[in-house]
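Predicted model, so just to flag it, every value in this text is computed and none were measured. These values consider heavy atoms only, across backbone and side chains, with no hydrogens, waters or symmetry-generated copies.
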Amino acid sequence: HVQLVESGGGSVTAGGSLRLSCATSGYADNDYCMAWFRQAPGKEREGVAAIAGDGAATYYAKSVQGRFTISRDNARNTLYLQMNNLKPEDTAMYYCAAHPRPGWQMGWNDVNEYDYWGQGTQVTVS
């Protein structure tokens, strides 16, 4: 039974930083591609960043490139998102997602690519 549990959200002022974590269980972590998505009220869920199973490939939305860093620690079964220089437009519920296939077929930022989702952690930037 695959489970993803996010943590690390909170409220910060613009320019601040947060680090989100996603604890995973129920599968061999390094077999799965993983990603962070976010959803603001009234908006569609959008891809923020993604990382391959071995961590060799990473992808970012243009809006966060240079400010956010995705990483994973397969020994700890944990996915991370380091968010620096946060802006009010980064305010959203952040979700981690995973799928067990090598690479991506529909695109790293396509919600339909992913089989498993966490419950989300709220990030508010004022």
Next item on the list: Using the test salt bridge (Lys or Arg N to Asp or Glu O under 4.0 Å), find all partners of R19 that sit at least two apart in sequence or belong to another chain.
Entry: none

Note to self: Under the rule for salt bridge (Lys or Arg N to Asp or Glu O under 4.0 Å), what residues qualify as partners of D115, not counting sequence neighbours?
What the structure shows: R101

Next item on the list: Determine whether more than 12 heavy atoms belonging to other residues, nucleotides or ligands lie under 6.0 Å from atom CD of E46.
Entry: yes

Notebook entry, point to check: Does atom CD of Q65 have more than 12 heavy-atom neighbours from other groups under 6.0 Å away?
Noted result: yes

Next item on the list: First locate atom OG1 of T124, then atom CE of M93, and finally report the distance between them rounded to the nearest 0.5 Å.
Entry: 8.5 Å

Checklist line | Residue pairs involving residues 84-94 (criterion side-chain hydrogen bond (donor to acceptor under 3.5 Å, both in side chains); sequence neighbours excluded) | finding: S17-N84, R38-D90, R38-Y94, R67-D90, Q82-N84

Next item on the list: Not counting sequence neighbours, list each pair that qualifies as a side-chain hydrogen bond (donor to acceptor under 3.5 Å, both in side chains) and has a residue in residues 6-15.
Entry: none

Item checked: Shortest non-hydrogen contact between A61 and G47, atoms and distance -> CB-O, 3.5 Å

Next item on the list: Provide the closest heavy-atom pair for Y60 versus A49 in the form atom of the first, atom of the second, distance.
Entry: CD2-CB, 3.6 Å

ILVMFWY cluster, [X] and [Y] together (side-chain gap under 4.5 Å):
X	Y	value
L79	V123	yes
L81	F37	no
F68	Y80	no
I51	L20	yes
V48	M34	yes

Quiz: residues 102-110 side-chain donor-acceptor pairs under 3.5 angstrom, not counting sequence neighbours:
{"residue": "W104", "atom": "NE1", "partner": "Y114", "partner atom": "OH", "Å": "2.7"}
{"residue": "D110", "atom": "OD1", "partner": "N112", "partner atom": "N", "Å": "2.8"}
{"residue": "D110", "atom": "OD1", "partner": "N112", "partner atom": "ND2", "Å": "3.2"}

Margin query: Would you say that Y32 contacts T24 through its side chain, given a criterion of any heavy-atom pair below 4.5 Å between the two side chains?
Written below: no

Note to self: When you compare the side chain of I70 with that of Y59, does any pair of heavy atoms fall below 4.5 Å?
What the structure shows: no

Item checked: Set of residues satisfying side chain to side chain contact (heavy atoms under 4.5 Å, CB included) with respect to P88, sequence neighbours excluded -> A14, V125

Check: When you look at H99 and Y116, which way does the side-chain contact (heavy atoms from CB on, under 4.5 Å) test go after all the steps?
Finding: CA-CA 6 Å; H99 74 74; Y116 305 104; 5.9 Å; no

Item checked: Donor-acceptor pair between N74 and R76 side chains, under 3.5 angstrom -> no

